[in-house]
Amino acid sequence: MDWKTDWGLRGRMAFTMFLLFALYVVFVGALTVYFGDFLFPLIMLGGFSVAQYFFSDKLALKSMGAREVDPDEYPDLHRRIERLSQQADLPKPAVAVANTQVPNAFATGRNKKNATVAVTTGLLESLDEDELDGVLAHELAHVKNRDVMVMTIASFLSTIAFFIVRWGWLLGGDNRQGAPVIVAILVSLVVWVISFLLIRALSRYREYSADRGAALITGQPGALASALMTIDGRMDRVPDEDLREEAEMNAFFIIPIKAGFVGKIASTHPSTDNRIERLREMETELETA
């Protein structure tokens with residue numbers, strides 16, 4: 001299935017990454033000026049980020065209470081993921097299930113060969129066959145697009161900025177040029193806030209990209225749109241206690257858990273209505289192709 005490239009979406013992603021790159025160049029320059037002895041903390045944080053990158057899949061699964069399941073336990077789920085992986089030209093990822101009524105799914109793993117697609121029991125109980133295929137294809141599109149790697153790299157210097165904001169006062173007093181450490185902390189705060197918003201924007205764009213990828217894999221944009229409506233409607237009926245327990249996994253979920261005003265302006269996902277609108281446009285494009 002050969003659809004036209006969404007150059008508008010690609011352009012927005014490229015522009016956001018360019019802004020992040022420019023911001024980080026300024027930030028590294030500021031670190032050089034204000035912290036002559038920052039090499040050791042930088043190496044330490046770099047090691048932490050590398051470890052997080054390699055173990056992110058296990059951490060994500062543990063956070064959700066998900067466990068890997070074999071084909072004997074969930075034969076239909078395994079068959080679906082195997083079929084969709086072949087359609088997406090991907091190796092079959094590991095399959096995991098979380099026993100929770102929150103209807104959702106996520107993908108994790110550092111690359112295509114070390115990926116895991118996880119679903120909740122609430123999702124399996126909520127969707128019909130086509131809708132489930134759409135959600136699984138969305139998660140496989142994240143794997144194909146290497147989104148875990150992209151977001152980990154994009155977040156690295158933002159993590160360092162946050163570290164300086166919180167612990168910069170421990171790194172010493174004035175540097176040899178007499179610049180007070182408080183200036184470096186304030187610069188880091190500005191960098192962290194701006195990068196936080198840019199990374200959230202990039203995450204939202206990549207959700208649109210994964211939606212488009214899912215539509216290409218299945219050939220049924222309407223099925224994913226229907227699944228999004230079903231999941232969004234079911235979310236309203238899940239007890240608040242359960243939603244709070246899962247809220248820390250928002251960046252992984254196919255639909256995030258709403259967390260008030262701040263959660264909306266810093267959301268990792270676009271609104272469900274906007275995603276459905278785009279999927280409907282793709283469906284029209286497919287029908288007229």
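Atoms considered below: every heavy atom in the structure, side chains included; atoms not considered: hydrogens, waters and symmetry mates. If you're wondering where the values come from, they're calculated on a predicted model, not measured in any experiment.
The two residues A137 and I217 have their closest heavy-atom pair at O-CD1, 3.7 Å. Taking all atoms of both residues into account, the shortest heavy-atom contact from T218 to Q87 is CA-NE2, 4.3 Å. Of all the heavy atoms in A118 and L61, the pair that sits closest is CB-CD2, 4.0 Å. Minimum interatomic distance between L202 and M151 (heavy atoms only, all atoms of both residues): CD2-SD, 4.0 Å. Residues A141 and A214 come closest through the heavy atom pair CB-N, 4.1 Å. When all heavy atoms of S85 and K92 are compared, the pair lying nearest together is OG-CA, 3.8 Å.
Taking NZ of K58 as the reference point, atom OG of S63 lies at 13.5 Å (rounded to 0.5 Å). Separating the CD1 atom in I164 from the CZ atom in F27 is a distance of 4.0 Å, to the nearest 0.5 Å. To the nearest 0.5 Å, the span separating CZ on F162 from OG on S155 amounts to 13.0 Å. Atom-to-atom distance recorded for L228:CG and H269:NE2 is 9.5 Å, nearest 0.5 angstrom. The structure places CG of N104 at 9.5 Å from CZ of F106, a figure rounded to the nearest 0.5 Å. Between the CG atom of L140 and the NZ atom of K112 there is a distance of 11.5 Å, given to the nearest 0.5 Å.
At distances below 3.5 Å, not a single donor-acceptor pair connects side-chain atoms of Y205 with backbone N or O atoms of A14. No donor-acceptor pair under 3.5 Å is formed between the side chain of K144 and the backbone N or O of L90. Panel note: side chain T121, backbone N99; no donor-acceptor pair is recorded below 3.5 Å. N145 places no side-chain N or O within 3.5 Å of a backbone atom of D147 that could act as its donor or acceptor partner. Checked by atom type and distance alone, the side chain of Q101 never pairs as donor or acceptor with a backbone atom of G122 at under 3.5 Å.
The hydrophobic clustering, which links ILVMFWY residues whose side-chain heavy atoms are closer than 4.5 Å, places V165 and L197 together. Residues V26 and L189 do not share a hydrophobic cluster, defined by chaining ILVMFWY side chains whose heavy atoms lie under 4.5 Å apart. F21 and M17 fall into different hydrophobic clusters, where Ile, Leu, Val, Met, Phe, Trp and Tyr are joined by side-chain heavy atoms under 4.5 Å apart, directly or via other members. The hydrophobic clustering, which links ILVMFWY residues whose side-chain heavy atoms are closer than 4.5 Å, places V25 and I153 apart.
For R110, the CZ atom counts as densely surrounded, since its 6.0 Å shell holds more than 12 non-hydrogen atoms of other residues, nucleotides or ligands. The 12-atom threshold is exceeded at CZ of R83, counting heavy atoms of other residues, nucleotides or ligands nearer than 6.0 Å. Environment of CG in D70: crowded, with over 12 heavy atoms of neighbouring residues, nucleotides or ligands closer than 6.0 Å.
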### Task
Determine, stepwise, if the pair T230 / D128 fulfils side-chain contact (heavy atoms from CB on, under 4.5 Å).
CA-CA 10 Å; T230 299; D128 64 27; over 6 Å; no
### Task
Walk me through it: do E73 and H78 pass the test side chain to side chain donor-acceptor pair (under 3.5 Å)?
CA-CA 9 Å; E73 294 179 89; H78 271 269; over 6 Å; no
### Message
Show, in sequence, the C-alpha distance, side-chain angles and deciding distance for I81 and V95, and conclude whether the side-chain contact (heavy atoms from CB on, under 4.5 Å) test is met.
### Response
CA-CA 8 Å; I81 291 179; V95 180; 3.6 Å; yes
### Message
Quick one, V97 with R67, criterion side-chain contact (heavy atoms from CB on, under 4.5 Å). Give me CA distance, side-chain angles, the key distance, then yes/no.
### Response
CA-CA 6 Å; V97 174; R67 63 180 181 86; 5.8 Å; no
### Message
One pair to check against side-chain contact (heavy atoms from CB on, under 4.5 Å): E131 and L224. What are the steps and the verdict?
### Response
CA-CA 6 Å; E131 290 173 339; L224 178 57; over 6 Å; no
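Each of R204, R275, R206 was checked for a salt bridge (charged side-chain N to carboxylate O under 4.0 Å, His left out) with D211, and the lone residue meeting it is R275.
Salt-bridge check for R280 with E283: passed, with a basic side-chain N closer than 4.0 Å to an acidic carboxylate O.
Side chains of L124 and D76 form no contact here, defined as non-hydrogen atoms less than 4.5 Å apart. I231 has its side chain out of reach of S126: every pair of non-hydrogen atoms, C-beta onward, lies at least 4.5 Å apart. By the 4.5 Å heavy-atom criterion applied to side chains, M64 and T120 are counted as neighbours. A 4.5 Å side-chain heavy-atom check between P93 and V143 finds every atom pair outside the cut-off. Between V191 and L157 there is no side-chain heavy-atom pair separated by less than 4.5 Å. In this structure the side chain of D133 never reaches within 4.5 angstrom of the side chain of Q220, judged on heavy atoms. In this structure, L136 and E139 have side chains that are not in contact, with every pair of non-hydrogen atoms separated by 4.5 Å or more. Within the 4.5 Å cutoff, no side-chain heavy atoms of D130 are placed close to those of S226.
Cation-pi geometry between R278 and Y208 is met: under 6.0 angstrom from the ring centre, within 45 degrees of the axis.
Note: F196 and W192 have tilted aromatic rings, judged against thresholds of 30 and 60 degrees for the angle between ring planes.
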